[in-house]
There are 2 protein chains.
Amino acid sequence: MRFEHETLPQAVRFASGEAGAMVAESVRRLGGSRVMVIAAPAEADLARRVTAGVAVAVRHDEVAMHVPVEVARRARLAADRADVLVSVGGGSTTGLAKAVALSTGLPIVAVPTTYAGSEATNVWGLTEGARKTTGVDDRVLPRAVVYDAALTLSLPVAMSVASGLNALAHCVDAMWGPRADPIDRALAGEGIRALAAGLPRVVAEPGGLPGREQVLYGAYLAAVAFASAGSGLHHKICHVLGGRYGLPHAQTHAVVLPYVLAFNAPAAPDAEERIAGAFGTDTALAGLQRLRAVLDAPRALRDHGLAEADIDDAVPEILAAVPKHNPRPVTAAGLRRLLDAAWRGADPVHDEETTT
Amino acid sequence: MRFEHETLPQAVRFASGEAGAMVAESVRRLGGSRVMVIAAPAEADLARRVTAGVAVAVRHDEVAMHVPVEVARRARLAADRADVLVSVGGGSTTGLAKAVALSTGLPIVAVPTTYAGSEATNVWGLTEGARKTTGVDDRVLPRAVVYDAALTLSLPVAMSVASGLNALAHCVDAMWGPRADPIDRALAGEGIRALAAGLPRVVAEPGGLPGREQVLYGAYLAAVAFASAGSGLHHKICHVLGGRYGLPHAQTHAVVLPYVLAFNAPAAPDAEERIAGAFGTDTALAGLQRLRAVLDAPRALRDHGLAEADIDDAVPEILAAVPKHNPRPVTAAGLRRLLDAAWRGADPVHDEETTT
């Protein structure tokens, strides 16, 4: 047992229907008296309600995916009157608040409305043209997070499932990411347990809170574990498929995950045991596949824009990015078989022969 | 689901046999160039080896149980030349470093040699005469912790078992302490898993590292979970038995724990499921009792200094301290039956009638 684990300071408040009171309390504890509220136009009303109890100095609604540097620059200018940032929205909104905090040092109170998880990490990202830069800085870690599952009720079921499976992929990859340690695996296991319990309930009853609460809680743990462990094989594959062939983010993750699990789990007994335990099934793969069936998750990469001919092209790209301590050595032939099975939507199997 | 959870910033390094390198790295990251080493005389040689790679300005070896204010005062005076504190030892040594940090703000690198867990919390304690004052202050939270299981090899088996069962009690009580939340319960479950795996190995092979590593890791998680959740029924009972009747700390915890588990678990299904899952047994109590049998743990309070007549006296004292959200209401009659069973060493049973 040899590891380094950094715990990050954050006050997490979880209270459905009470975001307003929790935001007010969080701002008060930070000593804030001039709040900058960051929320996209679609969330303007929501943000107004959630920040009704704090002294707002400025409201900023220019939010864009991947945080373009120009958007960040304008937000920083608007922040000059503020002493606390309150972000209300998904990953792009939290990301913009982080960009402001990165240069101003202002503390963030994050109020997430999706399962993206950015609020639980010290990772920032900015794009200039097509080029995305990311970094790690403790100044961008939100000092407080307010989780109010009632705010996620308007997230459509399909998007909830996609976002929830994305969180599940964070948990699975956190089991064997380059810096994965037992604490990450324990938190990721708890995240899987919560996501597996919550997602079917969200599908069955989209307007009910208990399922939403479980998924939101699971997504938080997923982000904490994944940020600590770093990207594993799964995220390296999806990054290439998304970036090089324009495949849709959520669907790609949903399709690829069982194949990576089938590939790695036999060589990662601790991960296998924890994932199976979290799902309450005999094997990790059985648990994931049962959940995917309930959620009617996407099945094959060929249904989502990957051409069969792209596989040979993708293999060396992915191979170059695979973390060197992946539980199983990844060969070109093994990776090609994995991608081929994912392309066809074949049953992923725990079989040494099929994958190496 | 409604909770507040505060994560505390700490760099945890876990590497058996590498304490020296890890301490040097920790001091370097804190920018320390004048280290004050705090270690009791018994640990002087150990401390010297562990701090061989850092620039030591002062070595301080006056350490005393419960951190008397006079001892703390002298340590603070000795700290005036230092910019980083390195503590090497058990709870009293860590506690003294915390007392220095409380008034000086100096960062602590803690190197624990027992399973006490103080290194993972922001709780400090000082005694003046017979009066102990405790408090919570983020300045006393060690900024870095170096866990080197090789340093615990000299801890005798009996003391290792007592200290390990004390950590186990932290985990169990963290399931229903006054501020217990799902994150605490997940960490406590992982702690139980590690302690249950490690303690029998320490007994079977006291000179082996794998068991020691598991127990040290479990004790860390136990402390994190317990500090967040706060004292539950178990610790309130043991506090009165120890403070009022002078019962020995470790034995009292070891005896009382199964009775509290039998009392609370039927009313705390999440805790019951997590504890049973961590032990890998059908019920939480079965897991604890199996472990206690393997460890030959103490069985009855009458063997450790409690007079039968003390039970009636203890009941109102304990009752006044019971957290109001204990999973099951605690009545005088129920508490008397619990204490009576623990006094006799009777089988603790999941039985409504016996305990309420």
Side-chain angles (χ1 to χ4, degrees), chain A residues 1-18 22 25-26 29 120 122 138 141 143-149 181-194 197-198 209-218 220-221 224-225 228 270 273-274 277-278 280, chain B residues 1-18 22 25-26 29 120 122 138 141 143-149 181-194 197-198 209-218 220-221 224-225 228 270 273-274 277-278 280:
Chain A
M1 189 183 285
R2 189 185 193 290
F3 65 85
E4 293 191 26
H5 183 89
E6 192 94 27
T7 55
L8 302 175
Q10 213 172 32
V12 174
R13 300 194 168 83
F14 208 105
S16 298
E18 298 180 48
M22 296 291 137
E25 171 66 9
S26 302
R29 287 209 208 163
N122 56 1
D138 283 352
L141 179 77
R143 298 275 289 277
V145 184
V146 172
Y147 287 111
D148 178 346
D181 64 49
I183 302 169
D184 300 334
R185 283 192 280 267
L187 294 172
E190 172 77 354
I192 292 171
R193 196 191 60 72
L209 277 176
R212 299 278 183 180
E213 288 180 336
Q214 290 292 326
V215 178
L216 199 53
Y217 169 62
Y220 158 72
L221 294 168
V224 173
S228 173
D270 183 38
E273 190 185 326
R274 285 179 192 270
Chain B
M1 187 184 285
R2 190 185 191 292
F3 65 85
E4 294 190 26
H5 183 89
E6 192 94 28
T7 54
L8 301 176
Q10 214 172 29
V12 175
R13 300 195 168 84
F14 209 106
S16 298
E18 299 180 47
M22 296 290 137
E25 170 67 9
S26 301
R29 287 210 209 163
N122 56 1
D138 284 351
L141 179 78
R143 298 273 290 276
V145 185
V146 172
Y147 287 111
D148 178 346
D181 64 50
I183 302 169
D184 300 334
R185 283 191 280 266
L187 294 172
E190 173 77 355
I192 293 171
R193 196 192 60 72
L209 276 176
R212 299 277 183 182
E213 288 180 336
Q214 289 292 326
V215 178
L216 198 53
Y217 169 62
Y220 158 72
L221 294 168
V224 173
S228 173
D270 183 37
E273 191 185 326
R274 285 179 192 269

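Note on naming: letters A, B, ... go to the chains in the order of the sequence lines (proteins, then strands), and numbering restarts at 1 for each one. Fair warning: this is a prediction, and the values are worked out from it, not measured in the lab.
- Interatomic distance, CZ of A:Arg13 versus CD of B:Glu6, reported as 7.0 Å (0.5 Å rounding).
- Interface remark: B:Arg185 contributes no atoms to any contact with chain A (heavy atom separation under 4.5 Å).
- Ranking B:Arg193, B:Gln214, B:Gln10 against chain A, the residue ahead of the rest is B:Gln10, based on heavy-atom pairs under 4.5 Å.
- Looking only at heavy-atom pairs under 4.5 Å with chain B, the residue among A:Leu221, A:Ile183, A:Leu209 that has the most is A:Ile183.
- Using cut-offs of 30° and 60° for the angle between ring planes, the B:Phe14 and A:Phe3 rings count as parallel.
- When all heavy atoms are compared, the tightest approach of A:Pro182 to B:Glu190 is O-OE2, 3.8 Å.
- Sparse packing is recorded around CD of A:Glu273, with 12 or fewer heavy atoms of other residues, nucleotides or ligands lying under 6.0 Å away.
- In terms of heavy-atom pairs under 4.5 angstrom with chain A, the leader among B:Leu8, B:Asp138, B:Asp181 is B:Leu8.
- Evaluation of the ring pair (Phe, Tyr, Trp, His ring centres under 6.0 Å) rule for B:Tyr220 yields B:Tyr147 as partners, not counting sequence neighbours.
- Nearest approach of A:Glu213 to B:Met1, heavy atoms of both residues: OE1-N, 3.4 Å.
- Looking at B:Leu187, the atoms closer than 4.5 Å to chain A (heavy atoms on both sides) all sit in the side chain, from C-beta outward.
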